[in-house]
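Step one of this worksheet: look at the structure below.
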Protein chains: 2
Amino acid sequence: MDQSPSRSSATTVADVARKAGVSKATAARVLGGYGTVSDRVRDAVTVAARALNYQPNELARSMTTGRSGTIGVVVGDIENPFFSLAMRGITDVAREAGFTVILINSGEDADAEKAAIRTLLAKRVDGLIVSPAKESDIDHLREATRSGRPLVLLDRGSETLDVDTVIADDRHAAEDITRRLIALGHSRIAYLTACDTADHRFHTPADINTGSVRRRIEGFLCICRKAGLEGMEEWVHVGAITPDHTHRIVTAMLKSPQRPTAIIASDSVIGLEVFKVCRELGLAIPDDLSLVSFHDADWTSVTTPPVTVVRQPVYRLGETAAKLLVERLNGDGTEANRIVLQTEVIERASVAGAPA
Amino acid sequence: MDQSPSRSSATTVADVARKAGVSKATAARVLGGYGTVSDRVRDAVTVAARALNYQPNELARSMTTGRSGTIGVVVGDIENPFFSLAMRGITDVAREAGFTVILINSGEDADAEKAAIRTLLAKRVDGLIVSPAKESDIDHLREATRSGRPLVLLDRGSETLDVDTVIADDRHAAEDITRRLIALGHSRIAYLTACDTADHRFHTPADINTGSVRRRIEGFLCICRKAGLEGMEEWVHVGAITPDHTHRIVTAMLKSPQRPTAIIASDSVIGLEVFKVCRELGLAIPDDLSLVSFHDADWTSVTTPPVTVVRQPVYRLGETAAKLLVERLNGDGTEANRIVLQTEVIERASVAGAPA
DNA sequence: TTTCAATTTGAGACCGGTATCAATTAAAAA
DNA sequence: TTTTTAATTGATACCGGTCTCAAATTGAAA
């Protein structure tokens with residue numbers, strides 16, 4: 001009540017300068033920590049600043065320096081444990097390096113992603129970390145780099161975009177688990193992903209815009225083909241974008257006469273839903289159905305049976321992306337890095353031989 | 001290679017104005033969407049802007065308007081499913097209302113939180129959503145509100161700070177489950193929280209700085225006392241700040257001669273660890289030990305047995321906090337709201353009568 | 001004491017927008 | 001056609017910092 005409500009009480013360098021009896025330029029030097037000032041003046045300004053409770057305006061500072069000390073991050077969905085863990089890696093590194101993070105969810109929607117990038121560029125972030133919804137649709141990313149702000153791709157790369165990229169070795173992981181399943185006698189192996197296509201059906205890997213997932217499916221199909229399993233394309237299911245969708249798809253799949261004997265879930269959210277449906281339908285894992293899930297979510301070790309998973313170094317994915325970005329921001333002008341982090345299959349007890 | 005690398009190619013209103021043959025002020029009116037302009041001029045400016053690929057500089061805009069279109073969020077740990085889900089609620093509302101979100105992790109550390117607030121204020125966020133690490137230590141929050149920027153407290157309140165607050169009905173939930181456990185004959189009931197104290201031991205609820213947790217413990221102790229169980233303070237365990245810590249604490253607890261017959265886990269991360277330790281020690285849930293966990297994490301329904309939990313409306317917690325903030329930002333000058341969202345106990349199968 | 005270089009300070013432009021206010025033009029009323 | 005009023009437009013200050021450059025001060029060398 002005793003202060004003007006709207007008219008901000010913010011003290012500026014000019015105020016401090018006046019109080020300290022020096023010029024604005026000199027006060028700014030002390031407050032901004034640049035240039036050279038005598039000890040006597042520095043003290044006077046410091047004292048005045050404290051008395052006036054001076055708080056610098058980063059916006060104004062960014063205005064002239066051109067650096068905002070901010071990095072923009074666009075992920076599919078922060079609620080997904082995969083992204084929230086990667087985000088933790090990013091924020092840890094960012095904070096250490098003195099940057100703050102603006103987070104935008106794209107909801108895996110390309111248009112939302114475009115809007116997000118535009119917003120972030122308008123806010124003059126120093127750099128970007130993006131997990132692109134569609135690899136095929138990257139003009140907005142190209143434009144971002146053209147504006148001179150470094151970009152790092154997270155979990156999903158792009159052949160046509162020559163920027164720093166950090167991905168997991170998805171293809172290799174998919175090949176590995178497919179090989180194991182086939183060795184156990186499985187031939188009706190379903191692959192289930194949240195990625196969707198125009199007609200909600202899968203035809204060829206080229207339909208899949210999410211790079212990490214496409215590489216997995218390619219690996220899956222490749223090993224199948226090598227093992228003499230043809231036409232496995234029809235076992236790839238897309239569009240498990242929510243638990244509800246997943247539930248419907250899995251139920252239909254498991255109720256069909258030719259039901260799969262093994263399912264590969266493309267992330268832990270899907271894996272969880274497969275698990276639930278099995279419970280509902282009274283199917284036993286692994287006797288009736290083998291299950292492998294991508295992402296070593298914390299709960300996967302505690303179910304009955306515990307779930308065999310592909311462990312991805314998710315935290316390190318985020319951490320590495322942020323490190324690359326910070327290096328660029330510090331003037332690293334070398335060629336684009338494409339870093340592939342190794343995955344690892346954690347064998348637990350959700351995989352067994354195919355039922356007769 | 002064909003463009004100047006460092007000197008930004010950013011087009012400004014002045015550039016557009018020149019190209020369109022109008023004054024800077026007029027071009028700004030069109031580009032900024034304010035004031036009144038003739039159709040002819042508007043078109044000319046629009047065309048020029050497109051030709052020059054004009055991208056507005058939000059920083060400069062914020063500079064004069066005083067609004068940055070940004071809200072700052074400080075949470076304990078984005079990796080925790082509780083916060084990542086709440087965060088989803090916040091970002092959804094924020095985006096809808098045209099705000100972007102700057103996220104900072106405090107790691108539940110009061111000093112880090114202070115630094116975070118300072119950073120956010122310096123960046124001139126329009127408002128703040130904070131999940132304070134310590135309720136007792138809130139001078140920095142008070143100062144934030146004094147700077148005229150609205151603050152909303154998330155999941156944790158403060159009696160001495162008169163600001164919008166959104167919390168869950170934690171005390172009631174704790175009372176409810178304690179009552180149930182006692183009715184089933186339990187008297188050795190342990191409460192396990194990540195909150196820590198100076199000497200890593202619990203003496204009185206006043207030791208607990210995290211409001212939501214303190215209220216739960218108060219409820220727990222209150223019902224115990226009413227039921228004639230005295231000295232239950234010694235069954236409250238603090239310091240389960242990492243899975244490792246939790247593992248040690250739970251193992252020690254369950255190996256002691258007077259081991260608890262029931263454990264209340266203060267969040268799903270702790271609940272999961274309790275579950276794992278039981279597996280290791282060969283203890284059966286619920287026959288040897290009953291388990292109740294706060295937070296209805298997605299996996300809790302899929303374990304064997306599924307876990308009885310306190311469901312908190314986590315998404316709505318974040319959503320509501322963001323809505324309150326947006327209202328304030330739109331000039332709502334009414335009194336501070338203190339919203340308490342109801343919790344719900346989801347009975348599953350991890351609770352049974354106390355073993356003999 | 002004078003000279004010259006190094007250090008410290010101040011004045012004012014600038015970043016890229018917005019906001020104010022006066023000047024100009026167009027439209028409506030007399 | 002002349003007045004009056006409303007709609008457009010332009011010139012310029014301003015937001016709160018940083019930065020350049022010249023002026024003033026200081027200290028060391030001559």
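Since the structure is predicted, the reported quantities are computational estimates derived from the model, not experimental observations.
- Pairs engaging residues 41-66 of chain A under the salt bridge (charged side-chain N to carboxylate O under 4.0 Å, His left out) rule: A:Glu58-A:Arg61 [sequence neighbours left out].
- Going from atom CG of A:Leu31 over to atom P of D:dT18 covers 8 Å, rounded to whole Å.
- Side-chain N/O atoms of A:Asp155 and A:Ser131 include no donor and acceptor closer than 3.5 Å.
- For B:Asp164, the salt bridge (Lys or Arg N to Asp or Glu O under 4.0 Å) test picks out B:Arg328, with sequence neighbours left out.
- A salt bridge (charged side-chain N to carboxylate O under 4.0 Å, His left out) check over residues 90-99 of chain B, counting only residues at least two apart or in different chains, returns the pairs B:Arg88-B:Asp92.
- A:Arg124 is linked by a salt bridge (Lys or Arg N to Asp or Glu O under 4.0 Å) to nothing, counting only residues two or more places apart in sequence or in another chain.
- The stretch residues 22-66 of chain A participates, sequence neighbours left out, in no ring pair (Phe, Tyr, Trp, His ring centres under 6.0 Å) pair at all.
- For A:Tyr34, no side-chain nitrogen or oxygen approaches OP1 or OP2 of D:dC19 to under 4.0 Å.
- Using five terminal pairs a side, the axes of the helix from C:dT1-D:dA30 to C:dA30-D:dT1 at its two ends make an angle of 40°, given in steps of 10 degrees.
- Counting only residues at least two apart or on different chains, the ring pair (Phe, Tyr, Trp, His ring centres under 6.0 Å) pairs with a member in residues 56-85 of chain A are A:Phe82-A:His295.
- Within a heavy-atom distance below 4.0 Å of DNA chain D, the residues of residues 54-66 of chain B found are B:Met63, B:Thr64.
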Just the table, please: protein N/O against nucleotides 6-9 of chain C N/O, every pair under 3.5 Å.
residue : atom : partner : partner atom : Å
C:dT8   : OP2  : A:Thr36 : OG1          : 2.6
C:dT9   : OP1  : A:Ser38 : OG           : 2.7
C:dT9   : OP2  : A:Ser38 : N            : 2.8
C:dT9   : OP2  : A:Ser38 : OG           : 3.4

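- DNA chain D is contacted by A:Thr12, A:Val13 of residues 12-21 of chain A, taking any non-hydrogen atom closer than 4.0 Å.
- For B:Lys24 against C:dG17, a side-chain-to-base donor-acceptor contact under 3.5 Å is present.
- Partners of B:Asp111 according to the salt bridge (Lys or Arg N to Asp or Glu O under 4.0 Å) rule, which considers only residues two or more places apart in sequence or in another chain, do not exist here.
- Applying the salt bridge (Lys or Arg N to Asp or Glu O under 4.0 Å) rule to A:Arg18 yields the partners A:Asp15; only residues at least two apart in sequence or on another chain are considered.
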